[in-house]
Structures are given as C-alpha cells and as structure tokens.
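Since this is a predicted model, take the numbers as computed values, not measurements. Order of the sequence lines fixes the chain letters, A, B, ..., with proteins taken first and strands second; residue numbering starts at 1 for each chain.
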Amino acid sequence: MVGGVDLPSHLIDTPPGDDNFPTDDLGQQLYWLVKMNPSLRLQFRDSDIQLMDDPTKSKLIDHVQYALGIKPLKETTV
Amino acid sequence: MGLPTKLLLTHCQTQETVLATIQRLDREEAKDRIDQRWWRDLADTKTDPQDEPDSHWQWRAIDSTCQNKPYFRAVAAKTQDGQIQAAMVYRVDAKSVLERGEKAVYVDRLATAPRNRDTLMEAPIYRGGGSGLLVLAVAQSYSLGFQGRLNLVPIANLAWYENCGFVPTEVETNDGFLYELPKGRALELLQRKGLLDA
C-alpha cells in the first residue's frame with residue numbers, strides 16, 4: 001500500500017501550467033510528452049491537441065516517442 | 001501500442017485467471033464502488049479493518065483533487081462484475097532521487113480492495129490488482145521518456161516493494177522513506193511482463 005504522502009517540493013518539477021489542458025487519455029499523453037521533454041522544441045497550444053482526432057494524436061505520439069528513443073510497448077495486458 | 005488497458009488477476013481459491021480492465025477513476029465510481037463498498041461486510045478478517053492505514057481514505061475526495069491538476073491521473077482495475085479491485089493515483093511531474101536531473105513518475109496512492117488483502121482477510125478473493133497497477137505506472141514512466149523510474153512511499157508491506165526492486169532513498173517523509181525503482185530494474189520489470197523486448 002502506498003499513499004497519502006505529499007511529495008517533497010524539491011522533488012517536484014512541474015512545467016509552466018496551462019489552464020486548458022486536455023483530459024482525454026491520448027490528448028493527455030501527448031501533452032505530457034511535449035511538456036516533459038522540452039528538448040523536442042515543439043510548440044503546441046492546448047487547442048492544437050484538442051482539435052486533433054484520436055488517430056492523429058496516436059500517430060503524433062508514435063512519432064514523438066520514436067524521436068525520443070522510446071520503444072513501443074508490446075502488450076496492453078499486464 | 002499504448003499503455004496497458006487490462007490486467008490479469010488470479011482468483012485465490014480457484015487459481016483461475018480473471019481479466020480486469022484498467023480505466024480512469026471517476027468521482028461517482030470512487031464514491032459508489034470504493035467509499036461505499038470496500039469497507040462494508042468484510043467477513044472473517046484476521047485483524048480489525050479499522051487498523052488498515054487507508055481505512056479512512058475517501059477516494060471520491062482524492063479523485064476530486066486530481067481533476068484540475070494537469071499532471072495527475074487516477075485509475076482503477078475493474079472486473080466484469082463492476083467491482084473495483086484496486087485503485088491508484090499518480091503524478092508525472094516528479095524528479096528522480098537516485099539520478100539527479102532525471103524525471104520520474106510518483107505514485108501518490110495505491111491500494112487494493114480490502115477483500116483482496118492476504119494480510120487482512122482469511123480468504124482473500126483476487127491477487128494481482130495492486131502489482132498490476134504498479135506495472136502500469138512503470139509503463140507510464142517509460143512511455144514519457146523517464147526510463148520507467150518510479151517513486152513512492154510505501155506505508156505497508158515494505159519488504160514486498162524491496163522484492164520488486166525498489167530501493168530506499170535518503171528522502172524521509174512523515175510516513176517513512178521514499179523508495180525509487182531505478183531505471184535498470186524498471187526496464188527488467190517491463191521485459192519480464194512482456195511489454196518490452198529483452
């Protein structure tokens with residue numbers, strides 16, 4: 001069991017926030033990838049992600065992960 | 001392929017494998033399926049359920065605090081009967097302790113349904129819910145480029161986390177030391193689970 005312990009502030013590295021972040025799974029994954037990997041040098045507005053359809057989000061996630069050297073996961077069941 | 005969406009549970013008495021879905025935890029389900037369900041009608045317990053460290057947690061309120069935070073997510077493992085077998089909250093904006101300058105996912109909360117706890121119940125129902133969600137968190141970390149690094153503060157079963165490969169760090173909180181799963185062990189775990197090639 002894990003829980004209820006606030007992460008010490010010196011261990012938090014929150015990027016500058018946006019008020020209008022995506023909340024769907026694919027949109028959030030893409031948002032996190034871009035925010036957490038500033039070396040990508042991509043410029044997105046939240047509205048850019050939210051205007052994409054799911055296949056476009058999936059394809060862009062694949063491209064971003066490839067650029068970062070992240071291999072695709074092979075299973076969806078753990 | 002995206003993040004895991006299903007996990008395998010083992011029925012403790014029959015040893016049959018049961019498939020559960022991993023889904024976002026919404027507030028109504030947190031209230032109906034956890035807060036109003038988990039702690040009721042627990043028969044044949046080994047210890048007093050009120051002694052469990054999470055017996056006072058209100059998952060609906062916990063879930064509400066995640067709603068407007070861009071880097072938090074609450075998830076649950078749900079069986080076909082609609083019951084939630086385990087739940088977890090994690091955040092993706094944490095720093096690694098073991099490797100300065102690197103990022104990690106932090107598991108804010110993780111709990112299995114009381115009916116599934118072998119330390120609490122004489123006859124637990126399922127096993128594998130909590131550990132399955134933990135693998136999801138490692139996969140989430142990997143998928144964001146953090147190499148699977150995962151931080152958490154265990155409040156029970158510390159030996160279990162050490163057996164999983166977590167290492168205690170020097171960071172001490174009010175509830176104990178922060179543990180981290182280093183990237184090497186995280187990648188081994190993902191390979192062992194078949195999510196990555198060896």
Side-chain angles (χ1 to χ4, degrees), chain A residues 1-40 42 44-46 49-50 54-55 57-78, chain B residues 1-8 19 22 24 52-54 57 67 70-71 73 88-89 91-97 103-104 106-112 117 130 132-136 139 142-146 151-157 161 171 173-176 178 190 193-197:
Chain A
M1 188 185 308
V2 169
V5 182
D6 285 338
L7 189 60
S9 58
H10 71 280
L11 293 176
I12 300 172
D13 188 18
T14 306
D18 299 298
D19 293 334
N20 193 23
F21 57 90
T23 55
D24 64 295
D25 285 353
L26 288 173
Q28 202 168 43
Q29 177 74 9
L30 187 52
Y31 179 83
W32 287 350
L33 271 167
V34 172
K35 288 285 187 179
M36 294 298 167
N37 295 281
S39 62
L40 286 169
L42 291 177
F44 276 101
R45 293 188 301 268
D46 295 338
I49 295 175
Q50 291 180 11
D54 283 354
K57 289 176 194 168
S58 289
K59 194 165 282 186
L60 191 51
I61 288 169
D62 290 345
H63 286 313
V64 169
Q65 288 180 326
Y66 178 80
L68 291 168
I70 300 167
K71 295 175 184 168
L73 298 174
K74 296 170 67 72
E75 291 287 338
T76 56
T77 302
V78 292
Chain B
M1 196 170 285
L3 290 171
T5 55
K6 299 183 180 72
L7 66 80
L8 297 173
L19 201 59
I22 301 171
R24 298 279 277 270
E52 294 291 292
D54 63 326
W57 289 2
Q67 297 288 319
Y71 300 103
R73 183 175 288 179
M88 174 173 71
V89 173
R91 61 188 297 170
V92 302
D93 57 351
K95 295 179 185 174
S96 168
V97 177
K103 296 177 190 298
Y106 177 69
V107 177
D108 186 75
R109 288 173 198 260
L110 171 66
T112 56
R117 298 179 190 178
L133 290 182
L134 209 55
V135 175
L136 168 72
Y142 180 81
S143 77
L144 294 173
F146 307 164
N151 289 337
L152 48 78
V153 179
I155 54 175
N157 302 331
Y161 289 94
V171 176
T173 71
N174 290 340
D175 285 295
L178 185 134
L190 294 177
K193 294 290 180 180
L195 273 70
L196 288 177
D197 285 327

Do you know the tightest heavy-atom contact between [X] and [Y]?
| X | Y | answer |
| --- | --- | --- |
| B/Trp57 | A/Met1 | CH2-CG, 4.4 Å |
| A/Val78 | B/Gly132 | CG2-O, 3.6 Å |
| A/Asp25 | B/Arg73 | O-NH2, 3.7 Å |
| B/Arg91 | A/Ile12 | NH2-CG2, 3.4 Å |
| B/Val171 | A/Pro8 | CG1-CG, 3.9 Å |
| A/Pro15 | B/Asp93 | CD-CB, 4.5 Å |

May I ask you to decide whether B/Lys103 forms a salt bridge with A/Asp13, counting only side-chain N to carboxylate O separations under 4.0 Å?
-> yes
N/O donor-acceptor pair under 3.5 Å between B/Tyr142 side chain and A/Pro72 backbone =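 No; judged by distance alone, with no hydrogens or angles, the pair does not exist.
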Any sub-3.5 Å donor-acceptor pair from A/Tyr31's side-chain atoms to B/Tyr71's backbone N or O?
->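 Flag not set: sc A/Tyr31 to bb B/Tyr71 has no pair under 3.5 Å.
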Does any backbone or side-chain atom of [X] lie under 4.5 Å from a heavy atom of chain A? Answer side chain, backbone, both or neither.
| X | answer |
| --- | --- |
| B/Gln67 | backbone |
| B/Asp197 | both |
| B/Val92 | both |
| B/Thr112 | neither |

Does any part of the side chain of [Y], heavy atoms only, come nearer than 4.5 Å to the side chain of [X], both counted from C-beta?
| X | Y | result |
| --- | --- | --- |
| B/Val153 | A/Val2 | no |
| A/Gln29 | B/Leu144 | yes |
| B/Val97 | A/Leu11 | yes |
| B/Tyr106 | A/Val5 | yes |
| B/Arg24 | A/Gln28 | yes |
| B/Lys95 | A/His10 | no |
| B/Pro4 | A/Thr77 | no |

Name the option with the most non-hydrogen atom pairs under 4.5 Å to chain B; the candidates are A/Ser58, A/Gly69, A/Gly3.
-> A/Gly3
Partner chain A: residue of [options] with the largest heavy-atom pair count (under 4.5 Å):
| options | value |
| --- | --- |
| B/Pro70, B/Ala94, B/Gly194, B/Ala156 | B/Pro70 |
| B/Asp108, B/Asp175, B/Leu19, B/Leu134 | B/Asp108 |
| B/Leu178, B/Leu3, B/Val135, B/Asp54 | B/Asp54 |
| B/Ile155, B/Leu190, B/Leu133 | B/Ile155 |

Distance (rounded to the nearest 0.5 Å) between A/Asn37 CG and B/Phe146 CZ =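 So the CG of A/Asn37 and the CZ of B/Phe146 are separated by 6.5 Å.
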Say you draw a straight line from CG of A/Leu33 to OG of B/Ser143; how long is it, rounded to the nearest 0.5 Å?
-> 6.5 Å
Only counting residues at least two apart or in another chain, list the ones meeting salt bridge (Lys or Arg N to Asp or Glu O under 4.0 Å) with A/Asp6.
-> none
A/Asp62 meets the salt bridge (Lys or Arg N to Asp or Glu O under 4.0 Å) criterion, sequence neighbours left out, with none
